[in-house]
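In this chain, numbering begins with 1 at the start of the sequence shown. All ligand and atom numbering here is 1-based and tracks the order in the structure. Hydrogens, waters and symmetry mates play no part in the numbers below; they use all other heavy atoms, side chains included.
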Amino acid sequence: MTAHPADDPFAHLHNEDYARPFEQRMATSKTLVTLAGRETISLDGQWHMTLDLFDEGLRQCWFALDEMPPSQWATPRDYEIEAGELVPVPSCWNVLKPEWTYFEGAAWYTRWLDWEPLAGRERTILSFGAANYAAMVFLNGIHIGSHKGGSTPFCIEATGHLQPGRNRLQVYVANRRRPDSVPMHHIDWFNYGGLYREVALLHLPQVFIRYVSAALTGDGSAVRFSMSLSSPVAGTADVEIAELGLRISLPLVDGEGELTVPVPLTCWSPVTPKLYDVRFAFATDEVTERIGFRTIKTRGTEILLNGSPIWLKGVCVHEDDLKLGKVSSEADIRRRFRHAKELGCNFLRLAHYPHHDLVARIADEEGFLLWAEIPVYWAIDFANPDTLADARNQLSELILRDINRASVIIWGVGNENADTDARLAFMGELAATAKQLDPSRLTSAACLINRERFTIEDRLAAHLDVIGLNEYFGWYEPDFSGLDRLLANSNPDRPVIISETGADAVPGHRGAGRMLFTEDWQAEFYRQQFRRIAATPFIAGLAAWLLYDFRTERRQTGFQRGFNRKGLIETDKVTRKLAFEALADCYRNKGPSPS
Ligand code: GCB
């Protein structure tokens, strides 16, 4: 804990190094704990929140103040928990009050929790679904951990800091955009702030299961089970798939174990999204995951699901909602899949950061394939080793969180990043990290075009399994001739997915020909694009940009008014534009995929 500078109440005015003590004890992928099937105590609900534009709370150590009522203060204060507004967690402050819409800074969230020790459960872990972007956690006035990265989960150990009875939990969350963070300060979506995913407390035994996985081997002949414990101990874990009558013993050395066993099972696919309950137990700890088993590979320019070629009929989606901001409710996620199904999709690209973990769980149930990515977007500070460490950690947290989701087939490591040596090294390393943590899935990124020769050309492609291509011929470029040249000139040695294409349309705005921002042109744009894309053998799929209009301050014309209007559906998530049916028609005519 950093002591409150009581002896000199003005010292903090001159300390610009005030944040350093709280940049210790960073939560990373290594401290993540799976929640799968575990009993948790929810800490969602009403928290007091105080906005803090200047980081006064860190400078003055607000977290260390006692809760004395103002009538008893000996000297004045700048912070009072109860004076903070009561806000729901999860939430984004931007949508709670009009005057908070554009707030970029920090906020202090405080709540109290009653706690009693539990026999045999010596460890207590705080689990956060996500906080955008930096978080610092304080329990009873003590800093117990911090995290960087706005869309991935993190866990902070509270063991030894909780006392029987009433405890004060405070979380500092800052959404300031920075040139060296991931994403950096220039993005085409809204920078929501807050503790916007679930918070929970876990009681765990001294040695507990950190994470588990079960996946088909590349040839589909067996299942590889693995477990990682919280401590480097030896022992044996039990793994059970009751439905198959399977029970195996998994030996663990130094807290790690892996075993490959042939298991006769029904493969998961979009047509048959079969899931099994897989129970993993070690000593007194156990977790249960619902897991689908499938293989995903490439062969030349094809993508093979369970050994058969599949064409990805997809759409991109942002986490954005007029009422909730970046918070995803289950109803919102289910609506997303309903719309995607009506569009004829079997694939979603979750742009441009890790979405709520329920998305992949529901995709598993509903039979959708997913591209999940981290926000290595545009002009990242590629030469900065701290930025790389941050990106690598976000990728690792995402992979560990979703490792058992059959729906996730692609890890995206970046989007439209200019070709430099630093970028190649940075993103090459991310692709290698993805492969090392998870050799069972494909890697991709939205790659580059050589605009002199009109070819798909990107040095990064050699590090990826699938080339993603964002192209907007017919929208940002006046016609489709560039696309015709590009597709004719390119001869990639691996599959290409059109990871974005789209056009803006204002609902109800109509017009003939290439009249920008009309529903008519957006619909015709898709017909023109799809005709070309579907006829190109090396293209294995399309993720249309995108399902819903979304908020972005970069877009300020009368058509846009702070929104990107490339949605097939309006911000109300109800009103469909003409392009919805146009694209649905294209997908219908492409025919069913064999899997
Ligand atoms: C892109 C970006 C995406 C933008 C989109 C657009 O290429 O990847 O984030 O929102 O274009 O609408 O221009």
Side-chain angles (χ1 to χ4, degrees), residues 132 150-151 177 181-192 314-321 326 347-355 371-380 391 410-419 423 427 444-449 451 456 458 460 464 466-478 482-483 486 496-507 516-519 521-523 525-526 529 533 541-557 559-571 577 579 583:
N132 193 27
S151 307
R177 288 167 300 125
S181 58
V182 183
M184 50 91 72
H185 58 196
H186 185 214
I187 50 178
D188 191 31
W189 66 90
F190 195 84
N191 179 35
Y192 292 104
V315 67
C316 300
V317 64
H318 258 299
E319 263 183 342
D320 190 70
D321 187 85
K326 207 171 149 45
F347 175 59
L348 262 83
R349 178 181 176 201
L350 308 179
H352 280 298
Y353 37 73
H355 286 213
W371 162 319
E373 70 190 68
I374 54 165
V376 174
Y377 185 89
W378 292 350
I380 289 285
I410 293 173
W411 300 123
V413 298
N415 187 77
E416 296 177 354
N417 317 93
D419 185 18
R423 172 261 196 177
M427 292 179 66
S444 192
C447 294
L448 303 170
I449 295 172
R451 291 197 164 265
I456 300 172
D458 190 329
L460 180 64
L464 304 170
V466 174
I467 299 171
L469 188 67
N470 296 354
E471 55 83 7
Y472 287 87
F473 294 97
W475 178 250
Y476 290 122
E477 332 217 2
L483 182 57
L486 182 75
V496 171
I497 294 178
I498 301 297
S499 36
E500 286 179 32
T501 192
D504 287 71
V506 175
L516 298 180
F517 293 98
T518 58
E519 285 199 46
W521 179 248
Q522 188 191 31
F525 170 93
Y526 275 112
Q529 277 276 348
I533 290 168
L542 161 67
W545 189 255
L546 79 173
L547 193 53
Y548 305 114
D549 288 350
F550 62 99
R551 202 192 292 263
T552 170
E553 289 313 296
R554 290 183 65 242
R555 314 284 184 170
Q556 291 298 344
T557 66
F559 296 115
Q560 299 159 318
R561 299 196 183 283
F563 287 84
N564 185 312
R565 306 275 182 200
K566 293 191 189 70
L568 300 167
I569 300 177
E570 239 208 278
T571 46
K577 304 179 193 171
L583 183 60

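Atom CZ of R561 is surrounded by 12 or fewer heavy atoms from other residues, nucleotides or ligands within 6.0 Å.
Checked by atom type, the side-chain pair T571/D549 shows no donor-acceptor distance below 3.5 Å. Using modelled atom types and a 3.5 Å distance limit, the side chains of Y377 and H186 yield no donor-acceptor pair.
Under 4.0 angstrom from ligand 1, the non-hydrogen atoms of N415 all belong to its side chain.
Selection from D188, T552, I187 by nearest heavy atom to atom 4 (C) of ligand 1 gives D188. Of the options H318, R565, E500, E471, the smallest heavy-atom separation from atom 2 (C) of ligand 1 is shown by E500. Among Y377, Y476, W189, W378, the residue whose heavy atom lies closest to atom 3 (C) of ligand 1 is Y377.
Two rings, from Y353 and W189, have their centers less than 6.0 Å apart. With ring centers used as reference points, H185 lies 6.0 Å or more from W378.
Using cut-offs of 30° and 60° for the angle between ring planes, the F550 and H318 rings count as tilted.
Every atom of ligand 1 with a heavy atom of N470 under 4.0 Å away is listed here by number and element: 7 (O), 8 (O). Contact atoms of ligand 1 toward R555: 6 (C), 12 (O), 13 (O) (distance under 4.0 Å to a heavy atom of the residue). Near N564, the atoms of ligand 1 lying under 4.0 angstrom from a non-hydrogen atom of the residue are 6 (C), 10 (O), 12 (O). Shown in contact with H352 at under 4.0 Å from a heavy atom are these atoms of ligand 1, numbered in order with element: 3 (C), 8 (O), 9 (O).
From the protein, the heavy atom lying nearest to atom 5 (C) of ligand 1 is Y472 OH, 3.3 Å. Annotation: atom 12 (O) of ligand 1 to nearest protein heavy atom, K566 NZ, 2.6 Å. The protein heavy-atom contact nearest to atom 7 (O) of ligand 1 is E416 OE2, 2.2 Å.
I380 has its side chain within reach of V182: a pair of non-hydrogen atoms, C-beta onward, lies under 4.5 Å apart.
Using a cutoff of 4.0 Å between basic side-chain nitrogens and carboxylate oxygens, K326 and E319 are scored as salt-bridged.
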